[in-house]
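Throughout, a chain's letter reflects where its sequence line sits, starting with A, and its residues are numbered from 1.
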Amino acid sequence: MTPEQLSTAIVDVLTTLSTTGEVTLPDGVPTTVTVERPRQKGHGDYATNVAMRLAKSAGMNPRAFAELVKGGLEAVDGIAEVEVAGPGFLNVTVAAGAQGLVAQQVVAAGASYGASDAFAGEKINLEFVSANPTGPLHIGGVRWAAVGDALGRIFTLTGAEVTREYYFNDHGAQIDRFSRSLLASAKGEPAPEDGYGGQYIHDIARAVLEKTPDALDRSPEDSLETFRQVGVDMMFAEIKQSLHDFGVDFDVYFHEDDLHRSGAVARAVERLTALGSTYEKDGATWLATEKYGDDKDRVIIKSDGEGAYLSGDLAYYLDKRERGFDRCFIMLGADHHGYVSRMMAMCAAFGDKPHENLEILIGQMVNLLQDGEPLRMSKRAGTVVTIDDLVDAIGVDAARYALARYSSDSNIDLDLGLWTKAAGENPVFYVQYVAARTWRLLHNGADLGVLPASEGFDPSLLSDEKEGDLLRALADFPRVVTAAAELREPHRVARYLEDTAGSFHRFYDSCPVLPKGDEEPTELHRARLLLVQATRTVFENGLALLGVSAPERM
RNA sequence: GCCCCCGUAGCUCAGUGGAUAGAGCAGCGGCCUUCUAAUCCGCCGGUCACAGGUUCGAAUCCUGUCGGGGGCACCA
């Protein structure tokens with residue numbers, strides 16, 4: 001029995017009680033009820049607080065309400081015991097047979113275990129990373145590469161149609177500064193005062209010269225344009241390659257410049273003007289964002305006639321909506337959080353629903369530590385910690401896992417030393433070791449002629465306490481995936497895997513899976529091997545959501 | 001001054017209004033002729049920053065204060 005099935009059973013009982021008039025529910029029978037795994041041993045396998053939640057409106061005291069629910073639940077197949085406890089909790093113990101069936105259900109579902117239709121029919125657009133191609137991808141962008149991609153995988157598993165996009169800022173002054181920096185380097189001149197000065201500038205400048213040897217022999221305008229075009233292409237190709245090596249590929253690379261050239265910006269401004277949300281002042285065109293909660297109104301067309309940065313975002317958002325995306329996500333670093341209120345105001349000005357059609361996720365800062373010392377990151381100073389540096393230092397699996405296991409709301413300090421350790425204190429090793437251990441058991445079993453139980457499987461054989469803990473953990477996976485999607489929090493998957501790894505290792509420690517010596521294989525061995533296979537399935541699926549491999553051996 | 005995030009064990013962090021607040025690391029102490037011990041077990045460790053409020057119940061929600069981080073452009 002899974003928590004979902006128990007939840008359904010409870011709703012059925014409530015429906016019956018309501019129909020017969022034994023309880024009166026003014027707000028109707030809830031469609032779902034909370035079922036949780038109590039931390040406390042002795043509080044049953046599952047607990048629900050429905051009685052406490054509904055008692056007041058039903059005009060009863062919680063324990064009396066709970067007693068009625070208990071009566072109904074006890075008759076449900078697969079429920080061994082129901083207890084009313086404390087202020088009105090219902091503690092449910094599931095029959096070993098019903099519990100053990102979970103192993104079979106997981107294996108039968110295979111790669112689709114954890115999938116749901118929670119977001120079925122939704123077209124979701126995820127925009128993340130979107131770093132300017134003025135330098136290598138630095139650590140802040142990498143956090144979203146890991147988390148955003150994981151979120152995409154989670155939404156996909158919960159039924160959504162996901163498009164990953166990278167917004168390519170190739171229109172503004174930063175690109176000019178980048179181009180001029182390249183040109184200066186190629187000429188052997190110092191970097192412009194407002195330019196970029198890292199080593200990569202010299203590398204790219206040299207590469208541009210190799211590709212277009214006459215780049216410096218052209219007119220000043222042509223020369224700069226050459227460095228702009230070739231340099232940006234090279235830089236962007238490098239970023240794409242780094243992301244690809246990191247396991248992150250985008251469906252759409254959207255160029256800001258296209259929005260300006262195609263007239264999309266002008267159309268977006270016209271649309272807003274028609275809706276009465278713009279006005280002219282001081283020679284510029286303003287968007288009235290303040291009335292939608294922004295601190296102040298914002299310029300969208302500057303007095304020189306050029307579009308302000310926000311104008312590209314207006315057009316881009318409109319474009320996404322016209323492409324049919326119900327939900328547009330933009331993932332930004334904390335240093336851009338000030339952008340949220342004006343973007344939400346823009347969304348409202350279009351007549352859309354802020355925080356629904358448009359969601360902006362903010363990721364706090366990442367600091368890298370080596371031996372306890374902070375590594376400073378500064379693109380301009382040239383001491384950049386890039387995505388490639390990170391991958392070289394700890395590998396893709398550890399990097400993705402490390403960045404995805406924390407709440408995006410938290411600043412994080414990653415100690416590179418920890419993430420390279422081949423020991424259980426390194427969370428990614430601890431979790432991946434489960435995958436390796438299950439693989440070994442399945443193969444050693446095959447060598448001994450022991451295969452996971454299938455037909456004639458007696459689920460009640462899995463009655464050990466450690467087996468029950470593991471089965472309940474495995475049964476939780478779909479709920480964890482759904483919660484991660486609903487809350488946009490991929491780190492829940494990582495934390496779940498860490499907890500479940502503990503349950504598996506404890507099971508492994510106290511429940512021999514394979515026959516030893518001359519021992520004849522029994523149904524219990526086969527049942528346990530099925531549980532091992534189910535565990536392997538959950539870890540494969542869970543790690544896949546994070547873009548981390550489930551190794552066969554380590 | 002205003003806005004966003006954070007404040008939970010010595011450290012790094014979980015904790016979608018529930019019961020006695022958890023994990024890993026660090027510290028102390030155990031289990032290897034092993035289904036490879038990269039695992040596992042025990043002990044130690046808390047004013048959930050502080051003060052009010054909301055309710056059957058608050059680490060969680062609201063208000064304020066303090067502390068840390070990040071922002072407040074006709075830059076992008």
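- Among the heavy atoms of the strands, none lies under 4.0 Å from A/Gly86.
- Rounded to the nearest Å, the gap between the C1' atom of B/rC40 and that of B/rC5 is 38 Å.
- Nucleotides B/rG24 and B/rU8, compared at atom C1', are 15 Å apart to the nearest Å.
- Under the Watson-Crick or G-U wobble criterion, with both distances below 3.5 Å, B/rG27 is paired with B/rC43.
- Nearest nucleotide to the side chain of A/Ala47, out of B/rA19, B/rC13, B/rU55: B/rA19.
- Nucleic acid contact class of A/Ala173 (heavy atoms, under 4.0 Å, all strands): sugar-phosphate only.
- Centroid-to-centroid, the aromatic rings of A/Tyr508 and A/Tyr433 stay 6.0 Å apart or farther.
- Listed candidates were B/rG70, B/rU39, B/rA76. Nearest to the side chain of A/Asp509 is B/rU39.
- A/Leu441 comes within contact range of at least one nucleobase, with a heavy-atom separation under 4.0 Å.
- B/rC75 atom C1' lies 13 Å from atom CZ of A/Arg298, rounded to whole Å.
- The side chain of A/Arg405 contributes no N or O atom lying less than 4.0 Å from OP1 or OP2 of B/rC13.
- Stacking of A/Phe89 onto the six-membered ring of B/rA19 is present: less than 5.5 angstrom between centres, less than 30° between planes.
- The side-chain ring of A/Tyr309 is not stacked on the base of B/rC75, judged by centre separation under 5.5 angstrom and plane angle under 30 degrees.
- Looking at heavy-atom distances under 4.0 Å, A/Ala334 makes contact with sugar-phosphate atoms alone, never a base.
- In this structure, A/Lys41 reaches neither bases nor backbone, as no heavy-atom distance under 4.0 Å exists between it and the strands shown.
- Distance from the side chain of A/Lys302 is smallest for B/rA76 among the nucleotides B/rU39, B/rA76, B/rA26.
- Contact annotation for A/His505: backbone-only contact, meaning every heavy-atom pair under 4.0 Å involves sugar-phosphate atoms and none involves a base.
- With both ends at atom P, the span from B/rG10 to B/rC4 equals 31 Å, rounded to whole Å.
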Go through the steps for A/Asp397 and A/Gln432 under the test side chain to side chain donor-acceptor pair (under 3.5 Å), then give the verdict.
CA-CA 10 Å; A/Asp397 279 348; A/Gln432 285 186 311; 3.0 Å; yes
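- For A/Arg492, a side-chain nitrogen or oxygen approaches OP1 or OP2 of B/rG15 to under 4.0 Å.
- For A/Tyr406, no side-chain nitrogen or oxygen approaches OP1 or OP2 of B/rG24 to under 4.0 Å.
- Among the atoms of the strands shown, none is found under 4.0 Å from any heavy atom of A/Ser510.
- Atom P of nucleotide B/rC75 and atom NE2 of A/His336 are separated by 15 Å, given to the nearest angstrom.
- When the P atom is used for both B/rC2 and B/rU63, the distance is 14 Å, rounded to whole Å.
- Out of B/rU16, B/rU39, B/rC6, the shortest distance to the side chain of A/Arg437 is found at B/rU39.
- A donor and an acceptor atom sit less than 3.5 Å apart, one in the side chain of A/Asn91 and one in the base of B/rA19.
- The structure places OH of A/Tyr496 at 6.5 Å from CG of A/Asp476, a figure rounded to the nearest 0.5 Å.
- Scanning all heavy atoms of the two residues, the minimum distance from A/Pro38 to A/Tyr46 falls at CD-CA, 3.9 Å.
- Distance from the side chain of A/Tyr430 is smallest for B/rC40 among the nucleotides B/rA76, B/rC40, B/rA38.
- If you check distances only, the side chain of A/His337 does reach the base of B/rG70 with a donor-acceptor pair under 3.5 Å.
- Inspection of the A/Arg261 and A/His255 side chains reveals no N or O donor paired with an N or O acceptor under 3.5 Å.
- For the residue pair A/Asp294 and A/Ser341, a side-chain donor N or O sits within less than 3.5 Å of a side-chain acceptor on the partner.
- Side-chain atoms of A/Glu425 lie closest to B/rG24 of the nucleotides B/rG17, B/rC35, B/rG24.
- Side-chain rings of A/Phe168 and A/Tyr253 stay apart, their centers remaining 6.0 Å or farther from each other.
- Among the protein residues, A/Asp282 comes within range of the nucleic acid bases, having at least one heavy atom under 4.0 Å from a base atom.
- Of the candidates B/rG18, B/rC41, B/rG70, the closest approach to any side-chain atom of A/Arg53 belongs to B/rG18.
- Ring stacking is absent between A/His491 and B/rA14, as the pair misses the limits of under 5.5 Å between centres and under 30 degrees between planes.
- Comparing B/rC35, B/rC13, B/rG15 against the side chain of A/Ile412 picks out B/rC13 as the nearest.
- Other residues, nucleotides and ligands place more than 12 heavy atoms under 6.0 Å from the CZ atom of A/Arg63.
- Rounded to whole Å, the distance from CG on A/Asn411 to C1' on B/rG67 is 14 Å.
- Of the candidate nucleotides B/rC56, B/rA19, B/rC74, B/rC56 has the atom nearest to the side chain of A/Lys56.
- A donor and an acceptor atom sit less than 3.5 Å apart, one in the side chain of A/Ser303 and one in the base of B/rC74.
- Picking from B/rA14, B/rC74, B/rC5 the nucleotide with the shortest atom distance to the side chain of A/Ser410 gives B/rA14.
- A donor and an acceptor atom sit less than 3.5 Å apart, one in the side chain of A/Asn49 and one in the base of B/rG18.
- Here, B/rC75 and B/rU60 have their C1' atoms 40 Å apart, quoted to the whole Å.
- What separates CD of A/Gln364 from P of B/rG68 is a distance of 16 Å, to the nearest Å.
- Separation of the P atoms belonging to B/rG52 and B/rU20 is 22 Å when rounded to the nearest angstrom.
- Taking atom C1' on both B/rA26 and B/rC13, the two are 14 Å apart, rounded to the nearest angstrom.
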